[in-house]
Amino acid sequence: MANADHPVVERTDSNPFAILTGASRGIGAAYARLLASRGYDLLLVSRDETRLTSLSRELETNHRIRAHVFLTDLAQPDAAHQLFVESRQYRQTPEMLINNAGFGLYGEFIAHPLPRIQEMLQVHVRTVVESIRLFLPGMIERGSGTIINVASIVGLLPIPYFAEYAATKAFLVSFSEALAEEVRETGVVVQACCPGQTETDFHASAGFRPPGRMSMQTADQVAHVSLAALRNKQPVVTIGWQGRLTALVTKWLPRRFLIRTAGRFIRTAARSSPTS
């Protein structure tokens, strides 16, 4: 929905149009700023009205684009359908769909409330799959389009104490790779973007702060690398040295060793984390 307080901007239906979930902060906001600088009109999706409205105003002021705001909870069962209906007020089919919304849960699986686990499965898996199912036919019919599913390097390996989160990201990686092959000859590009540790508020929200903050990449770096990789149509994009290292070790080291090592690392780091 448009905000009545926004500055008047002339209609720009000739601009490419992108839908971006989890747009109010972090990697989502970085994607939004980069796409706006490239002339994309945007549908910004989040529950955070204050941040989302502020970002929309910023983008419309700094760039000759429209940045529409859609406040919704992607953990609701009908979220994908609501997003589809909302987006068609602005375009029949978007040029780009970026599924970025998500959150982390640190700790033992049995310690997490069931409703919170269900929300994660809905946001990371069901809403993403259902949204793609709704938007993809129009992209295929047009012969062009881009879908980016923001996963994580933890999707390359089971991670104890982040069991649900890592599993949902593994689903996104696998699903994106398979779908990329299915649509390879249609003109549609599908990417699973797999960042490593990134300077966002993700870790604070998850209740876990990893060591080695100096090695973190920025959200801007993630967005730039992800969009640049679209030229090569890479179905899985790991970002930074952490991503390259993770992809390498999962190929060459025993899986059981890696899982146990990851579990010990997470548990040890959590003991010294100020957010744990």
Side-chain angles (χ1 to χ4, degrees), residues 1 18-32 42-56 67-89 94 96-136 147-152 154-155 159 161-176 179 190 192-195 198 200-208 219 222 275:
M1 57 186 177
I19 300 170
L20 179 53
T21 70
S24 61
R25 65 190 74 190
I27 294 173
Y31 272 120
L42 302 169
L43 178 58
L44 306 174
V45 184
S46 173
R47 295 182 302 176
D48 192 329
E49 181 175 8
T50 300
R51 290 195 183 193
L52 206 61
T53 301
S54 175
L55 177 62
S56 175
H68 308 285
V69 168
F70 182 42
L71 301 174
T72 192
D73 184 358
L74 296 175
Q76 296 304 308
D78 62 344
H81 177 71
Q82 290 183 7
L83 177 60
F84 183 69
V85 171
E86 177 73 15
S87 71
R88 288 169 77 88
Q89 296 185 46
M96 185 175 294
L97 169 65
I98 302 181
N99 294 303
N100 170 72
F103 61 94
L105 286 176
Y106 165 74
E108 294 185 358
F109 173 71
I110 60 172
H112 296 149
L114 181 57
R116 194 60 170 156
I117 294 172
Q118 292 171 323
E119 288 178 355
M120 176 173 284
L121 293 173
Q122 182 69 45
V123 173
H124 292 193
V125 178
R126 288 194 58 183
T127 297
V128 170
V129 172
E130 292 169 7
S131 296
I132 293 173
R133 180 60 183 83
L134 290 168
F135 288 108
L136 181 57
I147 297 171
I148 298 176
N149 298 319
V150 179
S152 169
V154 304
I159 305 292
Y161 309 105
F162 272 110
E164 311 98 295
Y165 178 78
T168 60
K169 296 304 184 178
F171 173 87
L172 289 180
V173 172
S174 176
F175 178 65
S176 300
L179 192 59
V190 179
C193 173
C194 297
T198 307
T200 69
D201 58 4
F202 166 84
H203 296 291
S205 299
F208 173 80
V222 173
T275 61

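Just so you know, these numbers use all the heavy atoms, side chains as well, and skip hydrogens, waters and symmetry mates.
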Could you measure the distance from the [atom1] atom of [X] to the [atom2] atom of [Y]? Nearest 0.5 Å is fine.
X: Ser131; Y: Gln82; atom1: OG; atom2: CD; result: 10.5 Å
X: Asp73; Y: Asp78; atom1: CG; atom2: CG; result: 10.0 Å
X: Glu164; Y: Tyr106; atom1: CD; atom2: OH; result: 12.0 Å
X: His112; Y: Ile117; atom1: NE2; atom2: CD1; result: 7.0 Å
X: Thr53; Y: Leu44; atom1: OG1; atom2: CG; result: 9.5 Å
X: Asn100; Y: Ile19; atom1: CG; atom2: CD1; result: 14.0 Å

With distance as the sole test, does [X] use its side chain to make a donor-acceptor pair with the main-chain N or O of [Y] at under 3.5 Å?
X: Ser46; Y: Gly22; value: no
X: Ser176; Y: Leu172; value: yes
X: Asn149; Y: Ala192; value: no

Residue pair [X] / [Y], side-chain heavy-atom distance below 4.5 Å:
X: Phe162; Y: Val154; answer: no
X: Ile132; Y: Asn99; answer: yes
X: Asp48; Y: Thr50; answer: yes
X: Cys193; Y: Tyr31; answer: yes
X: Val222; Y: Val150; answer: no
X: Leu71; Y: Leu52; answer: yes
X: Leu105; Y: Met120; answer: yes
X: Leu20; Y: Leu43; answer: no

Whether Arg88 engages the ring of Phe135 as a cation-pi pair (distance to the six-membered ring centre under 6.0 angstrom, angle to the ring normal within 45°) should be assessed.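 That pair does not qualify as a cation-pi contact.
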
Tell me, please, which residues at least two apart from Phe109 pass ring-ring contact (aromatic ring centres under 6.0 Å, His included).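 Expected list: none.
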
Using 30° and 60° as the class boundaries, would you call the ring planes of His124 and Tyr165 parallel, tilted or perpendicular? perpendicular

Between [X] and [Y], what is the shortest heavy-atom contact and its length?
X: Leu42; Y: Ala32; value: CD1-O, 3.6 Å
X: Leu134; Y: Ala80; value: CD1-O, 3.6 Å
X: Ser152; Y: Lys169; value: CB-CG, 4.0 Å

Could you name each residue pair satisfying salt bridge (charged side-chain N to carboxylate O under 4.0 Å, His left out) that touches residues 120-131, not counting sequence neighbours? Arg126-Glu130

Chi angles and distances behind the side chain to side chain contact (heavy atoms under 4.5 Å, CB included) call for Leu83, Thr72: CA-CA 8 Å; Leu83 177 60; Thr72 192; 5.9 Å; no

Run the side-chain contact (heavy atoms from CB on, under 4.5 Å) test against Ala101 and tell me which residues pass, sequence neighbours left out.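 Counting only residues at least two positions away or on another chain, Ala101 forms a side-chain contact (heavy atoms from CB on, under 4.5 Å) with Thr21, Leu74, Val123.
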
